[in-house]
Amino acid sequence: MSDDRELDSSAAESTEKSDFIRTQIRADLAAGRNDGRVHTRFPPEPNGYLHIGHSKAILLNYGVAQEFGGKFNLRFDDTNPEKEETEYVNSIKRDIKWLGADWEDREFYASDYFDTLYEWAVHLISNGKAFVCSLTDEQIREYRGTVKEAGRPSPDRDRPIAESLDLFERMKNGEFEEGQYTLRAKIDMAHSNMKMRDPLLYRIRKAPHHRTGDKWNIYPFYDFAHGQSDAIEGITHSLCTLEFEVNRPLYDWFIENLPVPCKPRQIEMARLNLTYTVMSKRKLLRLVQEGLVTGWDDPRMPTISGLRRLGYTPESIRKFNDRIGVAKRDSTVDLDLLKWSIREELNLTADRVMAVLRPLKVVITNYPADQVEDIECVNNPEDESAGTRLVPFSRELYIEQDDFREEAPRKFFRLKLGSEVRLKHAYFITCDEVIKDDEGNPVELRCTYDPATRGGDSPDGRKVKGTLHWVSARHAVDAEVRLYDNLFKEPFPEEGGDYIANLNPDSLEVVTAKLEPGLADKTVGYRCQFMRLGYFCVDSVDSQPGAAVWNRTTTLRDSWAKLEARSGK
RNA sequence: UGGGGCGUCGUCAAGCGGUAAGACACUAGGUUUUGGUCCUAGCAUUCGCGGGUUCGAAUCCUGCCGCCCCAACCA
């Protein structure tokens with residue numbers, strides 16, 4: 001049966017995608033543009049960790065290259081030395097590899113092209129298309145006008161070419177202070193597109209660069225670096241997000257006015273937004289810096305490294321991306337879709353094991369005190385080849401506190417005083433007596449079992465509605481289990497005031513759980529379902545040899561909780 | 001009182017003049033030794049709104065409305 005499902009999904013994957021980007025690429029190919037080549041790139045700025053939104057860009061660029069027999073580059077957009085760090089380039093490379101996108105030997109940096117970019121800036125000056133400007137940042141802003149009023153030309157706009165050439169060289173040589181001069185293109189101060197009003201090309205910055213060190217005193221801006229870097233690498237389709245739509249005329253202007261080896265086409269698409277989280281590096285960075293999370297890889301973060309640590313697989317993220325599609329309209333994807341993509345995979349592949357998160361002791365009064373039985377348990381009902389394992393059963397057990405109510409409505413199928421339930425794979429038990437503490441909370445259940453129901457079926461054919469998971473008290477191993485929930489309590493945390501105020505105070509609950517003994521030696525990389533509770537994995541950071549820490553990747557669908565919540569209102 | 005982009009189910013998203021795919025979510029049943037999974041059924045007579053063209057419009061034209069982006073020496 002699981003075979004059928006796998007066939008179905010692979011068949012679905014093989015259907016040709018027809019989003020607007022691929023449609024454009026096919027048209028370009030048909031028109032013979034760029035010699036019929038397809039070459040894409042992912043251009044991260046190394047100023048933070050990659051998040052799930054980046055996975056959309058990575059997988060799309062890589063996927064498109066694959067589908068059209070083209071190539072995919074990784075290029076770090078490192079034109080701002082003040083914000084960029086080597087730690088980030090390493091984490092970015094690790095995350096892209098993990099997602100399964102392969103840039104082969106094409107790892108590039110915009111900073112690789114600083115020399116060429118400098119030459120091209122000189123080229124523009126020489127052709128009267130750029131000039132050195134002495135306006136301060138404040139003046140530049142003022143001269144630029146507004147979206148509704150034309151700007152005014154800089155007084156330096158007609159500076160003689162030779163003078164600009166000289167000044168620009170001296171800027172490069174470090175003869176001036178930061179902010180003293182800039183290099184600007186000479187386009188049109190009255191242009192209706194603000195990006196075309198004599199945009200800045202270079203600024204003086206004396207900060208050391210993570211790769212070029214102190215070689216440069218001037219650094220190009222994004223607009224002067226990005227398209228040219230694309231062209232240098234032979235990129236044919238430069239995919240980016242919607243906010244760069246207004247930059248496209250400028251992108252094209254540089255391509256037209258510079259001796260570039262290829263003419264890439266910029267195509268813009270909507271970025272990914274997800275409910276119950278934020279997706280901007282700036283906002284994520286603040287969570288890290290203020291210690292609101294444990295780091296970029298905190299399992300609650302929407303970062304690739306956070307999701308990996310939470311238990312997501314590369315495949316689940318790829319499937320998620322296939323399902324959200326790509327389009328031009330602003331949208332926010334339901335977090336449930338992401339959760340569903342990991343449940344879908346783990347349902348088919350994860351072992352079912354037993355763990356009790358909030359233990360309640362059960363004593364089987366008619367079970368011999370010194371007896372221990374090995375109960376055969378199915379590892380994965382969705383996958384027969386996963387086999388079975390033996391789990392010890394004895395007189396004293398733990399069950400989940402939530403699975404017992406002294407009195408409960410008819411719809412409550414779990415253990416009640418005087419009623420019978422099945423312990424998964426083991427026996428039917430009936431609760432005879434509840435022992436409570438001073439506050440009336442149940443601390444121990446006295447139960448009897450029916451020896452004839454071994455394995456979980458009654459020979460007389462009587463049925464029980466509930467099946468509970470359990471662990472043998474004597475054999476159970478204690479473990480720290482981290483129950484993660486949504487980082488934010490609101491679906492749109494950025495709406496209204498400060499998003500920090502919408503953090504979910506219950507995004508992490510830590511419990512000491514009782515696990516079946518076979519889980520004691522599990523190591524990083526192991527994923528399983530704690531039966532009836534959710535999917536869990538061994539934490540890759542805080543686990544110690546012999547003392548795994550477990551993270552809840554996601555809960556199971558819980559129609560009982562839904563039902564109860566509904567009737568409670 | 002500028003320019004650019006976008007409006008199809010609660011959320012994503014196909015559709016490109018021939019009479020609204022699919023997924024998630026949700027609802028109702030069935031199966032079930034996980035209240036999980038799985039299965040079945042339901043879930044937009046309607047595509048932001050109004051006109052027009054056409055035998056026929058979500059698709060073409062037109063007017064309006066709404067949302068997003070652009071005035072960092074960020075990317």
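Letters go in sequence order (proteins before strands), and every chain restarts at 1.
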Looking at the base of [N], is there any donor atom on it, or on the side chain of [X], that sits under 3.5 Å from an acceptor on the other one?
X	N	value
A:E243	B:rG5	no
A:E149	B:rU1	no
A:R414	B:rG35	yes
A:R352	B:rU37	no

What is the nucleic acid contact for [X], judged by heavy atoms within less than 4.0 Å: base, sugar-phosphate only, or nothing?
X	answer
A:S331	sugar-phosphate
A:V147	base
A:V326	sugar-phosphate
A:K328	sugar-phosphate
A:K562	sugar-phosphate
A:P249	nothing
A:N47	nothing
A:T79	sugar-phosphate
A:I324	sugar-phosphate
A:D330	sugar-phosphate

### Message
For A:P249, is there any backbone N or O sitting under 3.5 Å from a side-chain donor or acceptor partner on A:D252?
### Response
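Checked: no pair found.
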### Query
Any donor and acceptor pair, going by atom type alone, linking the side chain of A:R144 with main-chain N or O of A:R197 inside 3.5 Å?
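No; judged by distance alone, with no hydrogens or angles, the pair does not exist.
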Measure up the [X] and [Y] rings against each other and bin them: parallel (under 30°), tilted (30 to 60°), perpendicular (over 60°).
X	Y	value
A:Y118	A:W216	tilted
A:F254	A:F224	perpendicular
A:F412	A:W560	perpendicular
A:Y427	A:Y449	perpendicular

[atom1]-based separation of [M] from [N] [nearest Å]:
N	M	atom1	result
B:rA23	B:rC65	P	38 Å
B:rC61	B:rU54	P	16 Å
B:rA13	B:rA20	C1'	13 Å
B:rC55	B:rG63	P	24 Å
B:rC24	B:rU31	P	23 Å
B:rG56	B:rG51	P	16 Å
B:rC47	B:rG17	C1'	15 Å
B:rU59	B:rC16	P	12 Å

### Query
When you check the glycosidic angle of B:rA23, does it come out syn, meaning within 90° of 0, or anti?
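You should classify B:rA23 as anti.
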With a 3.5 Å limit on both atom pairs, tell me what [N] is paired to, counting Watson-Crick and G-U wobble, or say none.
N	result
B:rC74	none
B:rG42	B:rC26
B:rC16	none
B:rC6	B:rG66

Side chain of [X], heavy atoms from C-beta onward: which of [options] has the nearest atom to it?
X	options	answer
A:R566	B:rU1, B:rU27, B:rC12	B:rU27
A:L556	B:rU34, B:rC12, B:rC70	B:rU34
A:W340	B:rA25, B:rG2, B:rC73	B:rA25
A:F413	B:rC73, B:rG35, B:rG36	B:rG35
A:S192	B:rA13, B:rC73, B:rG3	B:rG3

### Query
Taking the nucleotide of RNA chain B with the closest heavy atom to each, which residue, A:D19 or A:R323, is nearer the 5' end?
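Its nearest nucleotide being more 5', the pick is A:D19.
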### Message
Nearest heavy atom decides the nucleotide; on that basis, is A:R205 or A:A327 closer to the 5' end of RNA chain B?
### Response
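Per heavy-atom nearest nucleotide, the more 5' residue is A:A327.
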### Query
Can you tell me if NZ on A:K283 sees more than 12 non-hydrogen neighbours from other groups inside 6.0 Å?
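Atom NZ in A:K283 is crowded, with more than 12 foreign heavy atoms closer than 6.0 Å.
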